[in-house]
*Asks:* 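Before I ask anything, here is the structure I am working with.
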Amino acid sequence: MKIIFLIFCSFLSSVSPDPQSYNAIFSFGDSLADTGNFLLSGALAFPVIGKLPYGETFFKHATGRCSNGRLIVDFFDCRVYFRKSLFIVGEIGGNDYNYPYFVGGSIKQLKALVPAVVETIIEATSVLIDEGAVELIVPGNLPIGCSALYLTLFGTTNKAAYDNNGCLKAYNAFSKYHNSQLKLSLEKLREEYPHAKIIYADYYGAAKRLFHAPKHHGFSNTLVACCGGGGPYNFNNSARCGHIGSKACLDSSKFANWDGIHLTEAAYHHIAKGLLNGPFTSPPLTFSPIKQI
């Protein structure tokens, strides 16, 4: 099983006397966390992330981020001054499930992979602690049943398959299963490393509220992709975002989904606020909550 670790590392000046702050963030994860390393590595399989409309909202040019703007980790970096290192171990596991699903794997078959995926995450976290990390964030997986890609590929005429928010219940239940197994393993890891602060980040809960109450969070659409090539959820595998035949919506701030599977900057912003200000980290982050980011 192959899990790609993409590292984002940003060092900031120590301008605050508060001892409960960080001066570096190390983020390990997949395309939900990568701030451009995949593109810099020469990965020609996904050249579209190196050109507009990717990056159009905040940077005004493509940076290699798989969104229209900033990611969750960018809001950690841009809004808080840090005096010690914070390690973000994830979001990991998404692609280990995505690819088998896309080639026809069943939920039952995918459940059998969960122990191995969780074990890999725990092993990576242990290595970081052994190397000296003392505060780490380990995120769970997002509600994949709400993504335009999953809704397009696995949609059905059976109304009972959907929850009240229009998301596929079975696939969201799978995400929750992964997250429950990860949380159990983190409890054991805390016992093994009592000196380290190992924080579970509830990406699922922070994101699900956007689908549950979209208008409350400023969204007019949460299930349809902002950038895509048509279809009920604006996801077309033959005209994906950045490819010929696709186009981006006029106001991405009103959309939660960017290109079918990745989220928009606006969605990541709300998720980051839920992590930084609470209540979606357990235990809470060390630094004081930020009221506005």
Side-chain angles (χ1 to χ4, degrees), residues 30-32 90-118 139-184 200-241 249 254-264 266-268 270-271 274 279-280:
D30 55 18
S31 57
L32 298 180
E91 183 261 11
I92 295 172
N95 287 337
D96 295 277
Y97 304 133
N98 287 339
Y99 297 134
Y101 270 136
F102 300 161
V103 296
S106 68
I107 291 178
K108 182 178 180 180
Q109 290 172 324
L110 268 293
K111 270 194 171 183
L113 295 179
V114 171
V117 173
V118 169
N141 282 355
L142 292 163
I144 59 175
C146 299
S147 77
L149 173 57
Y150 274 75
L151 287 165
T152 299
L153 294 182
F154 307 116
T156 173
T157 56
N158 181 9
K159 293 182 179 180
Y162 299 86
D163 64 18
N164 292 334
N165 306 312
C167 303
L168 289 165
K169 291 189 287 188
Y171 291 94
N172 277 354
F174 176 83
S175 289
K176 289 194 286 187
Y177 176 72
H178 165 92
N179 293 342
S180 67
Q181 298 305 300
L182 177 60
K183 286 189 284 186
L184 288 173
Y200 173 73
D202 183 11
Y203 277 20
Y204 184 99
K208 193 63 168 64
R209 60 181 181 164
L210 307 182
F211 301 97
H212 179 68
K215 291 183 179 179
H216 176 75
H217 295 92
F219 295 108
S220 61
N221 209 314
T222 51
L223 300 179
V224 174
C226 166
C227 182
Y233 300 99
N234 198 30
F235 179 83
N236 182 342
N237 198 43
S238 62
R240 291 171 293 165
C241 181
C249 61
K254 301 298 182 183
F255 285 71
N257 194 290
W258 168 240
D259 59 3
I261 193 165
H262 304 101
L263 304 182
T264 60
Y268 286 135
H270 282 289
I271 294 172
F280 295 103

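Since this is a predicted model, take the numbers as computed values, not measurements. The figures here come from the full heavy-atom set of this structure, side chains too, leaving out hydrogens, waters and symmetry mates.
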*Asks:* Show the numbers, then the answer: is there a side chain to side chain contact (heavy atoms under 4.5 Å, CB included) between L263 and I271?
*Replies:* CA-CA 10 Å; L263 304 182; I271 294 172; 3.7 Å; yes
*Asks:* Counting C-beta onward and ignoring hydrogens, is there a side-chain heavy-atom pair between V117 and H178 closer than 4.5 Å?
*Replies:*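 Yes; the side chains approach each other to less than 4.5 Å.
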*Asks:* Can you confirm whether H217 is buried at NE2, in the sense that more than 12 heavy atoms of other residues, nucleotides or ligands lie under 6.0 Å from that atom?
*Replies:*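 More than 12 heavy atoms, drawn from other residues, nucleotides or ligands, come within 6.0 Å of this atom.
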*Asks:* Can you confirm whether or not the ring centre of Y150 sits under 6.0 Å from the ring centre of Y233?
*Replies:*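 Judged by ring-centre distance (under 6.0 Å), Y150 and Y233 do not meet the cut-off.
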*Asks:* Kindly write out the residues that satisfy salt bridge (Lys or Arg N to Asp or Glu O under 4.0 Å) with K208, not counting sequence neighbours, or none if the list is empty.
*Replies:*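 Expected list: D163.
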*Asks:* Which atoms form the tightest heavy-atom contact between P143 and F211, and what is the distance?
*Replies:*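 For P143 and F211, the tightest heavy-atom pair comes out as CG-CE1, 4.2 Å.
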*Asks:* Can you give me the closest heavy-atom contact between N234 and C226, atom names plus distance?
*Replies:*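 Taking every non-hydrogen atom into account, ND2-O, 3.5 Å.
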*Asks:* Please report the closest heavy-atom contact between L151 and G166, naming both atoms and the distance.
*Replies:*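 Nearest heavy atoms, L151 then G166: CD2-O, 3.4 Å.
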*Asks:* Keeping the roles fixed (side chain from R209, backbone from H270), state whether a donor-acceptor pair exists under 3.5 Å.
*Replies:*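 The answer is yes, because a donor-acceptor pair under 3.5 Å joins these two groups.
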*Asks:* Can you establish whether the number of heavy atoms outside N164 located under 6.0 Å from its atom CG is more than 12?
*Replies:*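 Incorrect, the count does not exceed 12.
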*Asks:* Taking the side chain as everything from C-beta on, heavy atoms only, tell me whether P100 gets closer than 4.5 Å to L113.
*Replies:*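 Yes - at least one pair of side-chain heavy atoms lies under 4.5 Å apart.
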*Asks:* For the CG atom of N179 and the CG atom of N172, what is their distance to the nearest 0.5 Å?
*Replies:*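 Nearest 0.5 Å value for the CG-CG distance: 10.5 Å.
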*Asks:* With respect to Y204, which candidate in S175, P139, C146 satisfies the side-chain contact (heavy atoms from CB on, under 4.5 Å) definition?
*Replies:*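 Considering S175, P139, C146, a side-chain contact (heavy atoms from CB on, under 4.5 Å) with Y204 is found only for S175.
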*Asks:* I want to know whether F174 and Y97 have ring centres closer than 6.0 Å.
*Replies:*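 Yes, the ring centres sit under 6.0 Å apart.
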*Asks:* Can you find a heavy atom in the side chain of L142 that is under 4.5 Å from one in the side chain of Y203?
*Replies:*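 L142 vs Y203: side chains touch.
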*Asks:* Taking the side chain as C-beta and beyond, is there a heavy-atom pair between F235 and N257 under 4.5 Å?
*Replies:*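 Side-chain contact under 4.5 Å: no.
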*Asks:* Walk me through it: do Y177 and Y171 pass the test ring-ring contact (aromatic ring centres under 6.0 Å, His included)?
*Replies:* CA-CA 10 Å; Y177 176 72; Y171 291 94; over 10 Å; no
*Asks:* Could you report the tightest heavy-atom contact between G205 and F280, atom names first, then the distance?
*Replies:*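 Smallest interatomic distance, heavy atoms only, reads C-CE2, 3.4 Å.
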*Asks:* Give, for atom CZ of F154 and atom CG of L149, the distance between the pair rounded to the nearest 0.5 Å.
*Replies:*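 It comes to 7.5 Å.
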*Asks:* Is it the case that the side chain of K183 and the backbone of Y200 share a donor-acceptor pair, with hydrogens and angles ignored and the cut-off at 3.5 Å?
*Replies:*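 Answer holds: no.
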*Asks:* Would a 4.5 Å heavy-atom cut-off, applied to side chains only, mark T222 and F255 as touching?
*Replies:*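 SC-SC contact between T222 and F255 ruled out.
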*Asks:* If we ignore angles and hydrogens, is there a donor and acceptor under 3.5 Å between the side chains of N236 and S238?
*Replies:*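 Yes, side-chain donor-acceptor contact under 3.5 Å.
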*Asks:* If you compare all heavy atoms of C241 against all heavy atoms of D259, which two are closest, and at what distance to 0.1 Å?
*Replies:*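 That closest heavy-atom pairing would be CB-CB, 3.6 Å.
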*Asks:* Taking the side chain as every heavy atom from C-beta outward, state whether F219 and K254 have any pair of such atoms under 4.5 Å apart.
*Replies:*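 Contact flag for F219/K254 side chains = no.
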*Asks:* Closest heavy-atom contact between N98 and I261?
*Replies:*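 Looks like ND2-CD1, 3.4 Å.
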*Asks:* Hey, could you give me the CG/NZ distance between L210 and K215, rounded to the nearest 0.5 Å?
*Replies:*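 Spacing of CG (L210) from NZ (K215) equals 15.5 Å.
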